[in-house]
*Asks:* 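Structure in structure tokens, see below.
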Number of protein chains: 2
Amino acid sequence: MSRKPTTGSEPSGSSTSGSSAAVASQRVADHLRAAILSGELRPGARIMQEQVAAQLGASRLPVREALRILAAEGLTVVKSNSGAWVSRMDMAECEGVYKIRERLEPLALSESVPNLTPEQVAELETIARQIELTADVDRFLALDRRLHLLTYAGCRVAQITTMVDRFWNTTQHYRRAFARLAGDSGWELIHAEHRLIIEAIKRADTVDAERFLTGHIRRTRLELAQHPELFTEDDHDSDHAAD
Amino acid sequence: MSRKPTTGSEPSGSSTSGSSAAVASQRVADHLRAAILSGELRPGARIMQEQVAAQLGASRLPVREALRILAAEGLTVVKSNSGAWVSRMDMAECEGVYKIRERLEPLALSESVPNLTPEQVAELETIARQIELTADVDRFLALDRRLHLLTYAGCRVAQITTMVDRFWNTTQHYRRAFARLAGDSGWELIHAEHRLIIEAIKRADTVDAERFLTGHIRRTRLELAQHPELFTEDDHDSDHAAD
DNA sequence: GTCGCAGCGAATGGATCCATAGCCAATACC
DNA sequence: GGTATTGGCTATGGATCCATTCGCTGCGAC
């Protein structure tokens with residue numbers, strides 16, 4: 001149906017806008033991305049083109065392009081004449097992503113720190129406090145994501161922030177699974193790391209900020225390596241797509 | 001039985017040089033990627049869907065998907081209801097990519113060094129010698145690319161090598177422009193850095209290898225920053241796509 | 001003379017239709 | 001009774017056709 005496209009003055013909706021994108025491909029991609037990140041579509045879940053098309057009231061063509069876009073982002077895999085699935089990582093791949101993040105995010109942080117406003121720094125502390133008071137896993141995930149991405153908000157290099165966002169997206173599901181089995185001592189360490197990172201940011205000390213952030217990611221990677229069971233959960237079909 | 005098709009949709013495939021991808025989208029993407037990397041399509045050049053479609057004997061649909069793929073790789077930009085162009089970087093963006101490479105490629109190298117075979121190391125030295133004997137810019141570019149990517153050949157983490165490949169692709173044109181105006185002393189430094197990197201690789205010393213590689217990329221970035229004229233060359237249309 | 005608006009053309013985005021390649025199951029043969 | 005082959009079904013890939021939108025050009029008004 002010809003839904004009035006609202007003629008967005010500036011299309012340029014560069015990812016994660018979530019709202020009405022001018023082009024259907026982006027809208028479908030945003031929808032699927034949100035579904036994957038929220039856990040509604042789990043790794044390994046089959047994505048049927050016409051099912052998604054019918055659900056969103058579009059034809060299969062935008063869905064196809066959206067699947068290409070998401071595949072390029074690493075969120076889906078598309079096999080010729082076979083179908084599309086939500087990307088599933090094995091432990092080695094996930095460790096690889098963490099190794100990349102270990103190098104990349106400190107760079108993002110260094111590029112960001114000099115440009116952070118006092119208001120943003122204050123918000124960092126607020127979020128950190130909220131995280132320490134949070135017991136709910138989903139809320140922790142959302143806050144943790146907001147915290148870290150906010151520390152990178154001053155990064156002027158779009159390439160870096162784009163990549164950082166992508167890796168946070170591709171590992172979202174495994175972070176959720178990982179957060180579920182963290183013990184109290186694990187939370188304490190995370191809180192300590194967050195405090196140290198924020199304190200270094202307040203001092204505009206990029207060296208220390210990088211150091212603590214590297215340690216934060218590295219420690220998470222090493223912990224992750226001790227839980228291979230996170231990657232063995234067979235998801236088989238799950239076409240019901242509900243949780 | 002033995003008919004194993006295995007026409008895997010390998011994104012950013014290692015250039016099978018035959019351009020015989022099973023799916024047309026990939027074939028078109030490979031063709032356009034090669035055209036961009038070879039310099040046939042320069043940054044800022046307009047890419048017309050039906051022109052490419054006619055040239056490759058396909059319909060516009062695979063071309064559209066190919067443009068999405070290349071856009072995700074950073075090689076093209078697509079504007080809604082407007083068209084597609086070869087990505088053009090300003091100096092800040094190019095510096096950003098170099099900053100990323102400065103962090104990422106040492107990681108790729110560290111992951112690769114323990115897995116490099118003696119034959120590969122020997123080939124590294126051969127390529128380095130060839131580079132030192134080369135005066136031709138295009139030949140230098142090809143050899144330099146082969147050299148560095150070969151140093152990363154042992155990296156088992158596909159995510160890393162994929163990204164490294166992508167960044168080498170997106171900066172290919174600027175590397176070419178940059179190489180054209182390098183003086184003799186510049187070449188000497190490059191050769192020295194290559195020798196040091198390879199020597200460290202031979203010793204399986206990942207720390208030194210990372211150190212020299214970081215310096216290599218960083219120095220290139222700083223040199224690049226002194227040549228803003230590389231990014232001001234207006235290319236306007238260039239639909240003839242010849243050089 | 002310059003700015004603005006309207007109309008036209010061309011290129012892209014989207015939808016529908018057809019061909020093809022896997023996958024599964026049923027059947028026939030060993 | 002088991003296995004292999006074949007046939008049908010389904011979902012994706014590709015092509016063509018239509019709608020939309022952006023840009024350009026020409027004309028008119030200030």
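Naming: A, B, ... by sequence-line order, numbering from 1 per chain.
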*Asks:* Quick one: side-chain contact (heavy atoms from CB on, under 4.5 Å) partners of Leu224(B), sequence neighbours excluded?
*Replies:*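 side-chain contact (heavy atoms from CB on, under 4.5 Å) check on Leu224(B) returns Cys94(B), Tyr98(B), Phe178(B), Leu230(B), Phe231(B).
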
*Asks:* Which residue pairs satisfy the salt bridge (charged side-chain N to carboxylate O under 4.0 Å, His left out) criterion with at least one member in residues 142-156 of chain B, sequence neighbours excluded?
*Replies:*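 Salt bridge (charged side-chain N to carboxylate O under 4.0 Å, His left out) check on residues 142-156 of chain B returns Glu123(B)-Arg146(B).
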
*Asks:* Under the ring pair (Phe, Tyr, Trp, His ring centres under 6.0 Å) test, which residues partner Phe140(B), sequence neighbours left out?
*Replies:*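 Result, ring pair (Phe, Tyr, Trp, His ring centres under 6.0 Å) vs Phe140(B): Trp187(B).
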
*Asks:* Could you pull out all residues at least two apart from Asp90(A) that satisfy side-chain contact (heavy atoms from CB on, under 4.5 Å)?
*Replies:*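 In terms of side-chain contact (heavy atoms from CB on, under 4.5 Å), with neighbours along the sequence ignored, Asp90(A) is linked to Ala92(A), Glu93(A).
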
*Asks:* Scan nucleotides 12-15 of chain D against the protein and return all N/O pairs shorter than 3.5 Å with their distances rounded to 0.1 Å.
*Replies:*
unit_1: dG13(D); atom_1: OP2; unit_2: Gln49(A); atom_2: NE2; d: 3.4
unit_1: dG13(D); atom_1: N7; unit_2: Arg60(A); atom_2: NH2; d: 3.0
unit_1: dG14(D); atom_1: OP1; unit_2: Ala24(B); atom_2: N; d: 2.7
unit_1: dG14(D); atom_1: N7; unit_2: Arg64(A); atom_2: NH1; d: 2.9
unit_1: dG14(D); atom_1: N7; unit_2: Arg64(A); atom_2: NH2; d: 3.4
unit_1: dA15(D); atom_1: OP2; unit_2: Ser59(B); atom_2: N; d: 3.0
unit_1: dA15(D); atom_1: OP2; unit_2: Ser59(B); atom_2: OG; d: 3.1

*Asks:* Mind checking ring pair (Phe, Tyr, Trp, His ring centres under 6.0 Å) for His31(A) and listing every partner two or more places apart, or none if nothing turns up?
*Replies:*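 If we apply the ring pair (Phe, Tyr, Trp, His ring centres under 6.0 Å) test to His31(A), skipping adjacent residues, there are no hits.
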
*Asks:* Taking atom C1' of dA10(C) as reference, at what distance in whole Å does atom CD of Gln51(B) sit?
*Replies:*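 Taking atom C1' of dA10(C) as the reference, CD of Gln51(B) is at 14 Å.
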
